[in-house]
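Below, chain A is the first sequence line, B the second, and so on; all start at residue 1.
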Amino acid sequence: EAGVAQSPRYKIIEKRQSVAFWCNPISGHATLYWYQQILGQGPKLLIQFQNNGVVDDSQLPKDRFSAERLKGVDSTLKIQPAKLEDSAVYLCASIFLGGPTGELFFGEGSRLTVL
Amino acid sequence: DAKTTQPTSMDCAEGRAANLPCNHSTISGNEYVYWYRQIHSQGPQYIIHGLKNNETNEMASLIITEDRKSSTLILPHATLRDTAVYYCIVRSSGSGNTGKLIFGQGTTLQVKP
């Protein structure tokens with residue numbers, strides 16, 4: 001079974017530039033999550049989708065971050081304009097139904113460096 | 001979801017059992033204990049989860065105290081490849097739960113030759 005795919009793996013940009021990350025979850029997984037992991041910290045949830053609808057985006061800095069999952073499969077996370085503090089690994093995860101006991105599968109992440 | 005407390009770091013000798021503790025004193029009756037680990041430059045990986053009873057799988061064992069206020073993850077024969085950050089997470093099974101995981105700082109386990 002193919003895992004969660006993410007791209008790009010690495011991205012370096014200047015502050016105030018924009019960047020987009022892409023995630024392809026495991027086939028059939030209805031629920032998709034984006035996490036931000038700053039160096040030395042645990043992952044922090046940014047947004048959760050159930051199919052193409054947003055379930056929880058309470059931790060998403062909406063003035064600069066946006067995410068979409070138009071057809072309920074792939075998802076894109078965008079940052080515009082980027083700040084230095086956005087330097088982090090952005091992790092995508094998916095789960096079959098988003099139920100209380102299911103296992104989340106994570107991608108390898110996209111590492112962003114903002115200069 | 002209940003918060004968890006874990007030691008920041010631990011060492012273990014290769015081939016010995018690694019016992020990683022976790023306190024979750026405010027856990028409620030419908031909350032599960034989950035363990036994930038994150039090897040350097042990879043995404044977190046599921047290890048095991050439990051509600052009340054002890055659990056074992058091919059990766060590890062999970063021992064939950066009777067009052068459910070703490071648990072221990074046991075890696076029976078640690079190898080160098082088990083060097084990672086281990087996260088203990090409490091997750092609600094109640095209605096409306098969206099399945100999300102709230103991560104803390106975790107325990108950095110260093111397995112030494």
ILVMFWY cluster, B:Ile48 and B:Leu109 together (side-chain gap under 4.5 Å): yes
Euclidean distance, A:Glu103 CD relative to B:Tyr34 OH, rounded to 0.5 Å: 8.5 Å
Side chain, backbone, both or neither of A:Leu104 within contact of chain B (heavy atoms, under 4.5 Å): both
Closest approach of A:Gly42 to B:Gln105 (non-hydrogen atoms, all atoms of both residues): N-OE1, 3.8 Å
B:Leu101 side chain reached by A:Tyr33 side chain, heavy atoms, under 4.5 Å: no
Common cluster, A:Ile95/A:Phe106, ILVMFWY with side-chain heavy-atom separation under 4.5 Å: yes
Contact origin within B:Gln38 toward chain A - heavy atom pairs under 4.5 Å: side chain
Which of A:Pro43, A:Gly109, A:Gly40, A:Cys92 touches chain B most, by non-hydrogen pairs under 4.5 Å: A:Pro43
A:Arg9 atom CZ: more than 12 heavy-atom contacts under 6.0 Å: yes
Over all atoms of both residues, closest heavy-atom pair of B:Pro44 and A:Leu91: CD-CD1, 3.9 Å
Other residues, nucleotides, ligands: >12 heavy atoms within 6.0 Å of A:Leu39 CG: no
Residue among A:Arg111, A:Gln37, A:Lys44 with most heavy-atom pairs under 4.5 Å to chain B: A:Gln37
Enclosure of A:Lys71 NZ (heavy-atom neighbours >12, cutoff 6.0 Å): no
Same apolar cluster (I L V M F W Y, side chains within < 4.5 Å links), A:Ile79/A:Trp22: no
